[in-house]
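In what follows, a single structure is set out as structure tokens and then discussed.
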Amino acid sequence: MNNTEHKSTFSTELLNWYMVSKRDLPWRRHRDPYMIWISEIMLQQTRVDTVIPYFQRFTERFPTIQALAEAPEEDVLKHWEGLGYYSRARNLQLAARQIMELYDGRMPDDVEAVAGLKGVGPYTTGAIMSIAFNRPVPAVDGNVMRVLSRYFLIEDDIMKQGTRKQMEALVRELFPEGQASHFTQAMMELGALVCTPKSPHCLTCPVMEHCAGRLAGVEETLPVKTKAKPPRPEERLVALVEGRGSRSGRVLVRQRPAKGLLARMWELPHVLAAASAGTAPAGDGAMDRLAGALREEGVGVAPVRHLLNAEHTFSHIHWNLQVFQCEEAPAALPEPGHAAAAAQVAEAAAAYAESGALDAAPPEPVAYRWITAADMDTLAFPNVFLKILRNYFSAQDEQ
DNA sequence: AATGCGGGGCA
DNA sequence: TGCCCAGCATT
């Protein structure tokens, strides 16, 4: 069998398998390019089972591009809470506004236009063009690279930029005439269900017969991939500040800056204790440091006791969190009109004025706030703080 | 080309 | 519990 026949066989067998094996997923129930787009952004770095409930809630709340474009950003972030990589949510809304302004509110059936949308890179461009518009534009993600590297025994490092380009060229040769949509989804489906990262299910694979990786016995060692650096440890001290008097039953939280890690998410106040794990001060030393560091930021707290420890891993940082129950220190609590808060508002407003309207969100001050359990329904928290706060409020309920 | 950016699943 | 998964933006 020559090379062309080999490729044709792969595509035909894979497509036939997909037609009878494909899963019934929410975004496969319609051909609305908006739904395809939302699902593809959510599916970046995220598994299907995790995405499904988010997709349902998100598309129910924002059923159209216009609805998404016109929603408050905080609402969009709240519907992304727990999914991670929160810039995806922000870029999604920016792109929706792009589509409203440039393409009359409809996803353009055009490669260059799609590729120009915020948060849409080479992979998502291919996914939208092929899945939604049935155009033969390659959508090469980790699944596709795994499948192709095994079937065609490609030993290039998939972390290299050039390898993805090579795979895209290969996919262009593999597209069956008029079947781009099914074929793109078929490769993803095979990667997700059969050609899995560890212990692939070769015996049930529709293309096992001519899989070069399996025939050579190296399917387990493909794809070749350089390892990522381990996350650097960070020791942090966290204040769970309980309100007094009129603020009784409330907890002090703050919103993170608009850029960087967990942008615009809410969290418990915390400070860096030490650059590496295991060297953080303990007990009274930690409580003194926490109170001192927060006071420098204009927040007066009095740590009472150590409550619990928690961990949170990002791809590049590992947080070890020591959470301390604190009382408010009346002298220096953040109030509306507080000097530091006012300066932050002014700074955000200035940044907004300098930037184009399309790129910038409305000025949202980085602010402190006293919240109740009910506020948890509207503010978006990273998972680690979500768990701590839910735990805390439910314990308060029992008293 | 290298780095920043979450969270969950599995052995 | 430790390891694996890996798109897009920015610089």
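Any value given below was found using the heavy atoms of this structure, including those in side chains, with hydrogens, waters and symmetry copies removed. Letters A, B, ... mirror the listed sequences (proteins, then strands); counts begin at 1.
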Looking only at atom [atom1], what distance separates [N] and [M], rounded to whole Å?
N: B:dC10; M: C:dG7; atom1: C1'; value: 22 Å
N: C:dC5; M: B:dC5; atom1: P; value: 23 Å
N: B:dG8; M: C:dA9; atom1: P; value: 23 Å
N: B:dG6; M: C:dC4; atom1: C1'; value: 14 Å
N: C:dC8; M: B:dG9; atom1: C1'; value: 23 Å

Gap between atoms [atom1] and [atom2], on [X] and [N] respectively (whole Å):
X: A:R232; N: B:dT3; atom1: CZ; atom2: C1'; result: 11 Å
X: A:H316; N: B:dA2; atom1: NE2; atom2: C1'; result: 13 Å
X: A:I52; N: B:dG8; atom1: CD1; atom2: P; result: 15 Å
X: A:D49; N: B:dG9; atom1: CG; atom2: C1'; result: 10 Å
X: A:L83; N: B:dC5; atom1: CG; atom2: P; result: 18 Å
X: A:Q161; N: C:dT10; atom1: CD; atom2: C1'; result: 14 Å
X: A:F385; N: B:dG7; atom1: CZ; atom2: P; result: 10 Å
X: A:Q98; N: C:dA9; atom1: CD; atom2: P; result: 10 Å

Is it true that [X] and [Y] make a salt bridge, defined as a side-chain N closer than 4.0 Å to a carboxylate O?
X: A:R57; Y: A:E81; result: no
X: A:R106; Y: A:D104; result: yes
X: A:D377; Y: A:K78; result: no
X: A:E297; Y: A:R295; result: no

Practice item. State whether A:H312 places a side-chain N or O below 4.0 Å from either non-bridging phosphate oxygen (OP1 or OP2) of B:dG6. Key: no

Review point. According to a strict under-4.0 Å criterion, is A:N383 in side-chain N/O contact with OP1 or OP2 of B:dG8?
Key: yes

Study note, to complete from the structure: Each nucleotide of nucleotides 2-8 of chain C classed B (base within 4.0 Å of a protein heavy atom), S (only sugar-phosphate) or -, in 5' to 3' order, makes --SSBBS

Check your understanding: Any donor-acceptor pair under 3.5 Å linking the side chain of A:R172 with the backbone of A:V137?
Key -> no

Practice item. Nearest 0.5 Å please: distance from the CD atom of A:E267 over to the CG atom of A:L386. Key: 13.0 Å

**Study point:** Nearest-nucleotide comparison on DNA chain B, the residue closer to the 5′ end among A:K160 and A:Y86
**Key:** A:K160

Check your understanding: Of A:F55, A:F62, A:Y54, which is the lone residue that meets ring-ring contact (aromatic ring centres under 6.0 Å, His included) with A:H79?
Key -> A:F62

